[in-house]
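Below, chains carry the letters A, B, ... as their sequence lines are ordered, and counting in each starts from 1.
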Protein chains: 2
Amino acid sequence: MVTDMPSRPPASRPSGRPRSAAADTAILEATRAALVDLGWSRLTLGDVATRAGVAKTTLYRRWAGKNELVVDAVAVLFDELELPDRGSLAADVEGVVRQFAAILDRPETKTALMAVVAEATRDAPLRERIRTSIVERQKRLVVEGRARAAARGELPDEPDAGAAGRAADLIFDVVAGAVVHRTLVSGQPADAEWARAFTRLLLDGLAGV
Amino acid sequence: MVTDMPSRPPASRPSGRPRSAAADTAILEATRAALVDLGWSRLTLGDVATRAGVAKTTLYRRWAGKNELVVDAVAVLFDELELPDRGSLAADVEGVVRQFAAILDRPETKTALMAVVAEATRDAPLRERIRTSIVERQKRLVVEGRARAAARGELPDEPDAGAAGRAADLIFDVVAGAVVHRTLVSGQPADAEWARAFTRLLLDGLAGV
DNA sequence: GCGTTTCGCTACGGGTCGTAGCGTAACCGG
DNA sequence: CCGGTTACGCTACGACCCGTAGCGAAACGC
């Protein structure tokens, strides 16, 4: 979404014809459909506009380019992420893994996520956009699961806030990275059996197996 | 490399002007340079040909397209991977992490690796090419490190070959995935401190920290 | 020399990009 | 009801890159 809000909260009626909210959702939906049919590289903005029943110029008025559009189109899929309390740290870890795996199983995300990450290596604003709209939503689950485990007494309390943050970052990179690598690089499904084995490894370590 | 070898080993002299080996290396080198300067998306084959001092048609005679070319150009960087025996499992794990991190620190690999992986989700031959020329070279280190640890008695022997293979796959996805995610998604360096923390997590597990 | 294959070069049709320009539509205030 | 303002649909455009065809010249083995 393009955030060019004038910094005036009271009665922010910009006067004039308002942007069609229906067009926004239609465009994002068309983008996901195009990703499924064509993949990242063959996807063109002209095609998306046609699918959405919208003029190409309208698309360019709202998004700077392909990268930003696809990030927004895929980001909504991460809204469904949530972590019900399953009673134990092991069960919660497995729950997180299953959630990540389910999203990465969709063809839209398979082809789009790595592509935008690749683009983000040379585009700081895009990197920030990905961070806030995708990465942080995932990370929330990890932080939440850790807090629960600490409350249950399964993990030692960490008084140092800085160290706790670094630990959460590390665990997040391990969990998300493993699922992504398994799914996209190794090209094999992160199914229930794999999730169980990964959880055991994460909790008990290499020596514990 | 295009492997259109005629299945005739004896005296395979195809008669005619041989392909310039110098052109191959010049093209791959020019590709890496272009990746550094332009990144994946702005890289064009015409530009690579110009940089290499080679006609564009020559490039198309040897590689099917951008994907295949970049995979070959980046693959050679993984040749330097090796795992000197550092005496303990922890030290060896840290060594592997440092090696992966060093390669991912280069701007060529940063922008190229995720891009080709994204393309590979819709291109099975490309996936196989990546597997044999990049992934397997990394995986070798993990298998080797595990064998050493077992010989030292740091890990229990695994008589079942199938289970051992699955375990190696899992560990590889965890190690490589964590480094990749840390570097490219979280956008932070996998430095010595991080490698140490990760190693401790991998060996002792969540509870051990 | 002869056949064969590669090379450099030029040229081309086809596709996508991102933008400009125009007339029309929607919403607001007076 | 009527200007002011902004969004929309449409068309057209130059610029760029793609991938290939066709040519003459160069580099091998025989």
How many whole angstroms separate atom [atom1] of [X] from atom [atom2] of [N]?
X: A:Leu59; N: D:dA7; atom1: CG; atom2: P; result: 15 Å
X: A:Trp63; N: C:dG18; atom1: CH2; atom2: C1'; result: 17 Å
X: A:Asn67; N: C:dC17; atom1: CG; atom2: P; result: 12 Å
X: A:Asp24; N: D:dA7; atom1: CG; atom2: C1'; result: 12 Å

Considering only NZ, NE, NH1 and NH2 on the basic side and carboxylate oxygens on the acidic side, decide whether A:Arg42 and A:Asp37 come within less than 4.0 Å.
-> no

Taking only Lys NZ, Arg NE, NH1 and NH2, and the carboxylate oxygens of Asp or Glu, determine whether A:Arg51 and A:Asp47 approach each other closer than 4.0 Å.
-> yes

Readout for nucleotides 9-24 of chain D: B = base within 4.0 Å of protein heavy atom, S = sugar-phosphate only, - = neither; 5' to 3' it is BB------SSBBB---

Where do A:Ile130 and A:Val116 come nearest, in terms of heavy atoms and distance?
-> CD1-O, 3.7 Å

Polar contact flag, side-chain donor to acceptor under 3.5 angstrom, B:Thr183-B:Gln188 | no

Is B:Lys66 close enough and on-axis enough to B:Trp40, meaning under 6.0 Å and within 45°, for cation-pi?
-> yes

Taking side chain to side chain contact (heavy atoms under 4.5 Å, CB included) as the test, write out the residues that go with A:Glu136, two or more places apart.
-> A:Arg131, A:Lys139

Base C:dT6 to side chain B:Arg17, donor-acceptor N/O within 3.5 Å cut-off | yes

Counting only distance, no hydrogens or angles, is the base of D:dA7 paired donor-acceptor with the side chain of A:Arg19 under 3.5 Å?
-> no

